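Read through the structure below, which is laid out as structure tokens, and then see the notes.
If you're wondering where the values come from, they're calculated on a predicted model, not measured in any experiment.
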Amino acid sequence: MVSFTSLLVLVVAVFPVRVQCLWPQPTSITSGTTALNLSPRFYIQPDVYPPPADLLAAITQTELYLRTDSMQRLVLGRGAYDMSAVQSAKTLSSLVLSLEPGATVESISTEAVKALGTRSEGYTLTVPADGSTATLKANSTLGLYRGLTTFSQMWYEYNGQIYTVSAPYDIVDSPAYPFRGFMLDTARNYFPVSDIYRTLDAMSWVKINTFHWHITDSQSFPLIVSQYPELAQYGAYSSADVYTPTDIQNIVSYAAARGIDVLLEIDTPGHTASIADSHPEYVACNQATPWSTFANEPPAGQLRFTDPAVRNFTASLLSSIAKTLPSTVFSTGGDELNINCYTYDNQTQAELNSTGLTLEESLSVFTQATHGALIAEGKTPVVWEEMVLDHNVTLSNDTIVMVWISSADAALVADKGFRFVQAPSDYFYLDCGGGGWVGDYPAGNSWCDPFKTWQRAYTYDPLANLTTTQIPLVLGGEQLLWTEQSSPTNLDPIVWPRAAASAEVFWTATTLGGGALNVTEALPRLHDIRYRMVQRGVNAIVLQPLWCALRPDACDLNA
């Protein structure tokens with residue numbers, strides 16, 4: 001008969017313990033092999049005066065996760081073999097939070113919406129193995145929040161006991177890049193506020209700090225703008241499929257309390273056919289057919305930007321929205337402008353003839369007016385890459401560019417001298433590979449096939465093909481979900497845990513010279529955060545059979 005002790009030794013020998021199941025991986029971490037229990041009366045003490053309300057709420061939420069995650073270790077026995085060590089382990093009773101000397105006490109929400117590059121998200125976390133008080137220190141409450149997120153991932157449960165087998169921990173951590181985002185399109189299909197809340201929660205668990213909200217498009221205009229209520233009244237799918245000003249403020253506040261800035265996007269002048277439902281005079285080639293001649297997606301329709309009235313309307317619209325938002329960034333889009341639409345639009349051609357401007361010159365006038373309205377509100381404009389690579393428009397030097405068409409375009413944008421966010425479709429588009437969504441198309445493929453696996457995203461090198469002087473232009477990156485084939489029914493599994501891949505890429509850089517991260521090392525940790533997400537109510541898709549998750553490396557191709 002094999003004894004329990006002999007079996008334990010055998011299990012550990014065959015399947016070594018993975019002690020660092022944290023996501024994203026901290027910048028610097030040392031950990032041990034000592035078991036440590038979490039006291040049933042464990043508490044988190046903020047040594048911060050006065051403690052902001054959202055920090056207290058974050059502490060309460062962290063304590064709740066610790067009590068209710070019920071996350072068993074992803075090892076054979078799910079923790080049964082840990083119990084002999086746990087029974088004699090010391091017990092941790094408290095975690096003390098403090099700010100570094102000289103740090104200013106501000107709320108997490110205030111810190112989260114500061115300008116890119118000025119936020120302090122770093123922290124140090126120490127968890128002794130002897131049961132003495134654990135400490136979390138940072139230069140800001142935002143840094144404390146990031147540290148709480150890490151602390152909540154250290155603990156497992158078995159038979160009612162919450163514990164770790166990897167004490168002591170010493171972590172010094174900070175992000176490699178200031179922008180770590182996730183983009184959600186809520187115009188192709190509508191997503192209730194509750195879905196957005198849940199998505200923001202999951203984003204915070206992997207330290208994503210920007211919710212890029214593509215809120216309107218040609219298909220629908222769900223945003224109720226107080227100054228222009230007719231846009232949603234006629235442009236939304238229904239009176240229920242809208243985001244009210246209160247909804248927007250609630251989402252922005254919910255995000256900020258979780259260390260997330262909201263980058264709102266009103267795509268212009270393309271992708272604006274829904275504006276024609278209330279203002280047909282502002283839109284060229286509205287509902288023109290065949291739509292593929294006049295737009296990349298149906299319905300056709302683009303803002304008639306050569307018209308001064310349209311220019312004034314758009315600038316006023318963007319300004320009225322931007323002034324209600326705390327973020328320092330606002331996206332005006334600028335992608336996929338269809339030139340045919342304007343070539344065949346009589347009014348556009350007449351206005352060009354009367355002014356003597358070319359279409360590109362008129363586009364530049366429009367962009368300067370709309371961006372000028374945002375800059376007047378203290379916002380930094382964000383655009384898609386076509387605005388610098390395909391069009392001859394004048395942009396302010398601090399404009400931020402989203403690279404999306406191809407990863408090869410990052411170097412081209414860098415050559416123009418603009419700061420940019422890495423969001424290339426060939427690595428980070430979550431909707432790719434789902435089949436074609438347009439009708440009467442027997443081939444049934446999507447334009448950006450194949451499906452972008454988490455491994456594909458995880459191996460992205462943000463600094464590839466960039467010179468040393470161009471490296472500082474990289475602000476970070478994001479994964480994106482365009483929702484032609486997504487809705488609340490499949491939001492969680494299509495996003496999670498894949499969107500966690502870029503979260504680690506842009507938090508945990510390898511070296512200043514770039515280079516891909518290690519997929520083999522990452523898989524057990526990604527399993528871990530995926531199962532933890534499920535425990536917290538997010539329907540994240542599985543990565544492998546559970547048999548594989550319990551046996552790291554056993555399902556490798558050459559195992």
Side-chain angles (χ1 to χ4, degrees), residues 181-192 195-196 198-199 202 212-220 222 237 241 265 267 270-271 273-274 287 289-301 333 335-336 338 384-385 402-409 423-460 477-502 519 526 530 533-534 538-545:
F182 167 68
M183 192 223 74
L184 180 64
D185 157 28
T186 61
R188 270 73 179 200
N189 284 303
Y190 177 81
F191 293 80
D195 288 307
I196 295 177
R198 189 176 66 259
T199 301
H212 178 182
W213 192 356
H214 186 92
I215 195 169
T216 63
D217 211 289
S218 283
Q219 290 79 10
S220 76
Y237 283 132
D241 296 331
E265 179 182 347
D267 207 350
H271 292 274
S274 58
Q287 305 291 324
T289 57
W291 63 263
S292 58
T293 300
F294 301 99
N296 280 41
E297 287 190 7
D335 62 315
E336 296 183 330
N338 185 288
W384 295 109
E385 64 176 79
M402 292 276 182
V403 174
W404 73 274
I405 295 174
S406 169
S407 54
D409 294 345
S425 59
D426 50 331
Y427 282 85
F428 291 147
Y429 270 32
L430 296 169
D431 52 300
C432 297
W437 58 270
V438 294
D440 190 25
Y441 185 49
N445 63 308
S446 64
W447 74 272
C448 55
D449 279 347
F451 182 89
K452 301 300 180 282
T453 64
W454 76 266
Q455 294 98 323
R456 171 72 172 172
Y458 193 74
T459 56
Y460 186 66
E478 66 178 19
Q479 283 176 271
L480 309 89
L481 179 60
W482 302 101
T483 61
E484 290 89 349
Q485 294 179 299
S486 296
S487 71
T489 61
N490 70 338
L491 174 62
D492 288 4
I494 201 169
V495 174
W496 305 111
R498 280 195 295 160
S502 64
V519 169
L526 191 58
R530 179 264 164 190
M533 284 183 170
V534 171
V538 172
N539 189 27
I541 199 169
V542 296
L543 299 171
Q544 290 180 313

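Taking OG1 of Thr459 as the reference point, atom CH2 of Trp454 lies at 9.0 Å (rounded to 0.5 Å). Within the model, atoms CG of Leu481 and CG of Leu184 stand 6.0 Å from one another, a figure rounded to the nearest 0.5 Å. Of the inter-residue distances, the one linking Ile494 atom CD1 with Asn539 atom CG reads 12.5 Å to the nearest 0.5 angstrom. Atoms CG and OG, from Asp409 and Ser425 in turn, are 9.0 Å apart once rounded to the nearest 0.5 Å. The distance from atom CG of Asp492 to atom CG of Asn490, rounded to the nearest 0.5 Å, is 9.0 Å. With values rounded to the nearest 0.5 angstrom, Gln287 atom CD is found 12.5 Å from Phe294 atom CZ.
Of all the heavy atoms in Val403 and Ser406, the pair that sits closest is CG1-O, 3.4 Å. Listed here is the closest heavy atom pair of Cys432 and Pro450: CB-O, 3.6 Å. Of all heavy-atom pairs between Gly435 and Ser446, the closest is O-CB, 3.7 Å. Minimum heavy-atom separation, Ser220 to Ala187: OG-O, 2.7 Å. Taking each heavy atom of Gly301 and Ser218 in turn, the nearest pair found is O-OG, 4.0 Å. Of all heavy-atom pairs between Lys452 and Asp426, the closest is CE-O, 3.3 Å.
No side-chain heavy atom of Asp431 sits less than 4.5 Å from a side-chain heavy atom of Gln485. In this structure, the side chains of Met402 and His212 come closer than 4.5 Å at one or more pairs of heavy atoms. Side chains of Asp241 and Pro222 form no contact here, defined as non-hydrogen atoms less than 4.5 Å apart. In this structure, the side chains of Arg530 and Gln544 stay at 4.5 Å or more apart for every pair of heavy atoms. For the pair Phe428 and Trp404, the minimum side-chain heavy-atom distance is 4.5 Å or more. Counting heavy atoms from C-beta on, the side chains of Tyr458 and Leu526 never come closer than 4.5 Å. At a threshold of 4.5 Å between non-hydrogen side-chain atoms, the residues Val438 and Glu484 do not count as touching.
Classification of the Trp496-Phe182 ring pair by plane angle, with boundaries at 30° and 60°, yields tilted. The aromatic rings of Trp482 and Trp384 sit tilted relative to each other, their planes meeting at an angle between 30° and 60°.
Side chains of Asn189 and Thr483: a donor-acceptor N/O pair is absent below 3.5 angstrom, by distance only. In this model, a donor atom of one side chain and an acceptor atom of the other lie less than 3.5 Å apart for Gln219 and Glu297.
Put simply, the side chain of Glu385 gets close to the backbone of Ile405: a donor and an acceptor are under 3.5 Å apart. Checking side-chain atoms of His271 against main-chain N and O of Ala273 turns up no donor-acceptor pair under 3.5 Å. Checking side-chain atoms of Ser486 against main-chain N and O of Leu491 turns up no donor-acceptor pair under 3.5 Å. The main-chain N or O of Asp267 is never found under 3.5 Å from a side-chain atom of Asp335 such that the two would form a donor-acceptor pair. In this structure, the side chain of Arg498 does not engage the main chain of Ile541 through any donor-acceptor pair within 3.5 Å. Counting only distance, with no hydrogens or angles, the side chain of Tyr429 and the backbone of Asp449 share no donor-acceptor pair below 3.5 Å.
Ring pair Tyr427/Tyr460: centre-to-centre distance below 6.0 Å.
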